[in-house]
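One-based numbering along the sequence shown. Everything numeric here is computed off the predicted structure, so don't read it as measured data.
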Amino acid sequence: MPKINVYLPDDLADGVKATGVPVSAICQRALEQSVRRVSAIRATVLGDLAADDPTAQLSQFTERTRTVIKLAVDQARATHAASVGTEHLLHGMLDEGTSLALHVLRAMEIDPAHVSRALANASPAPESSETPVATQFSGPAANALELTVTEALALGHNYVGCEHLLLGLIGEPDGTAGHVLRELGIDLRTARRTVVAALTGYTHLRAQASTTPADAATMIATVVRQELRPILDRVERLEQQTGLISEG
């Protein structure tokens with residue numbers, strides 16, 4: 001059986017030794033789940049989008065994220081695009097309008113309306129009506145969706161949300177959406193940290209059923225500002241440890 005080394009931070013390694021948890025079994029289970037998720041997204045992005053529900057295989061994706069993908073497919077078809085690109089995915093996210101990803105943008109002082117205008121200016125012109133209807137994702141869009149799943153896995157989340165899709169779009173180097181977001185001053189590391197902080201804020205809101213969307217946005221931004229510094233410090237330490245391990 002092949003052997004794979006797993007590197008852990010010192011404090012976690014000490015905890016594993018002290019508790020005697022079955023590392024091999026836990027890693028195998030986690031890897032099995034990760035492989036299933038990546039395989040599912042690859043099957044979707046390489047498959048035919050003519051199906052009634054192109055997101056049918058994406059059971060780990062939240063309902064909002066699946067809606068965003070469907071809106072992206074609809075947008076591509078409405079503009080007679082040859083494929084569904086990253087610009088359509090970002091358009092779908094903006095059009096859906098209620099996801100945590102938009103709160104993350106606002107927390108970074110990026111107005112979604114500004115993103116929408118920049119995207120409209122950067123997106124390719126609509127194709128001729130003679131162009132075949134989009135039946136597949138473009139290469140960059142397929143890559144962005146796979147990065148979306150990877151971001152969710154890296155953050156230890158058991159679901160794939162719009163906040164992960166935002167990270168996937170930012171991290172994809174060739175797509176229109178990534179170019180637009182990066183030109184607005186958004187970098188992947190800051191966005192990733194803001195997502196972590198925003199999720200911390202969201203947990204505070206879960207118990208407040210009467211919170212309005214506007215109040216939720218304000219409260220999440222406030223918690224992001226309060227929580228981001230210690231989270232940034234922790235992430236920075238982890239990144240430094242990871243860098244030391246990689247260099248070693």
Euclidean distance, S99 OG relative to E63 CD, rounded to 0.5 Å: 13.5 Å
What's the separation between atom CE in M93 and atom CG in L166, rounded to the nearest 0.5 Å? 5.0 Å
Search all heavy atoms of A177 against all heavy atoms of L169 and return the closest pair with its distance. CB-CD2, 4.1 Å
Minimum-distance pair of heavy atoms, taken over all atoms of G171 and L188: CA-CD2, 4.1 Å
Compare every heavy atom of A191 with every heavy atom of M108, then report the nearest pair and how far apart it is. SD-CA, 3.8 Å
Interatomic distance, L102 atom CG to E96 atom CD [nearest 0.5 angstrom]: 7.0 Å
Out of curiosity, does I170 fall in the hydrophobic cluster containing L147 (side-chain heavy atoms, cut-off under 4.5 Å, transitive links)? no
What are the two closest heavy atoms between V180 and A122, and how far apart are they? CG2-CB, 3.6 Å
With heavy-atom distances below 4.5 Å as the criterion, would you say the side chains of T65 and L58 are in contact? no
Ring pair (Phe, Tyr, Trp, His ring centres under 6.0 Å) contacts in which one or both residues fall within residues 171-190, not counting sequence neighbours: none
Kindly indicate whether the side chain of R106, heavy atoms from C-beta on, has any atom under 4.5 Å from the side chain of H103. yes
Same cluster for L90 and L167 if Ile/Leu/Val/Met/Phe/Trp/Tyr side chains link at under 4.5 Å? yes
Do L184 and L105 come within less than 4.5 Å of each other through their side chains, counting heavy atoms only? no
Any L94 side-chain heavy atom under 4.5 Å of V115 side chain: yes
Determine whether H91 and T176 make a side-chain contact, defined as any pair of heavy atoms from C-beta on separated by less than 4.5 Å. no
Euclidean distance, T194 OG1 relative to E109 CD, rounded to 0.5 Å: 10.5 Å
Trace of the side chain to side chain contact (heavy atoms under 4.5 Å, CB included) decision for L155 with R192: CA-CA 9 Å; L155 290 172; R192 188 182 290 124; 4.3 Å; yes
Given the rule in the side chain to side chain contact (heavy atoms under 4.5 Å, CB included) test, do L181 and I110 qualify, once you have shown the distances and angles that lead to the verdict? CA-CA 9 Å; L181 294 168; I110 301 294; over 6 Å; no
For S83 against H88, the heavy-atom pair lying closest together: O-CE1, 3.5 Å
May I ask you to test the L119-E87 pair for a side-chain heavy-atom distance under 4.5 Å? yes
So do D95 and Q75 actually touch side chain to side chain, heavy atoms under 4.5 Å? no
Could you tell me the separation between the CD atom of E163 and the NE2 atom of H157, rounded to the nearest 0.5 Å? 7.5 Å
Quick one: pull up OG1 in T148 and CD in E172 and give me the separation to the nearest 0.5 Å. 10.0 Å
Test applied, side-chain contact (heavy atoms from CB on, under 4.5 Å); reference residue, V104; option that passes from I186, V195, V196: V195
Please name the pair of heavy atoms, one in L71 and one in G92, separated by the smallest distance, quoted to 0.1 Å. CD1-O, 3.7 Å
Could you check if a side-chain atom of L145 sits within less than 4.5 angstrom of a side-chain atom of I69, using non-hydrogen atoms only? yes
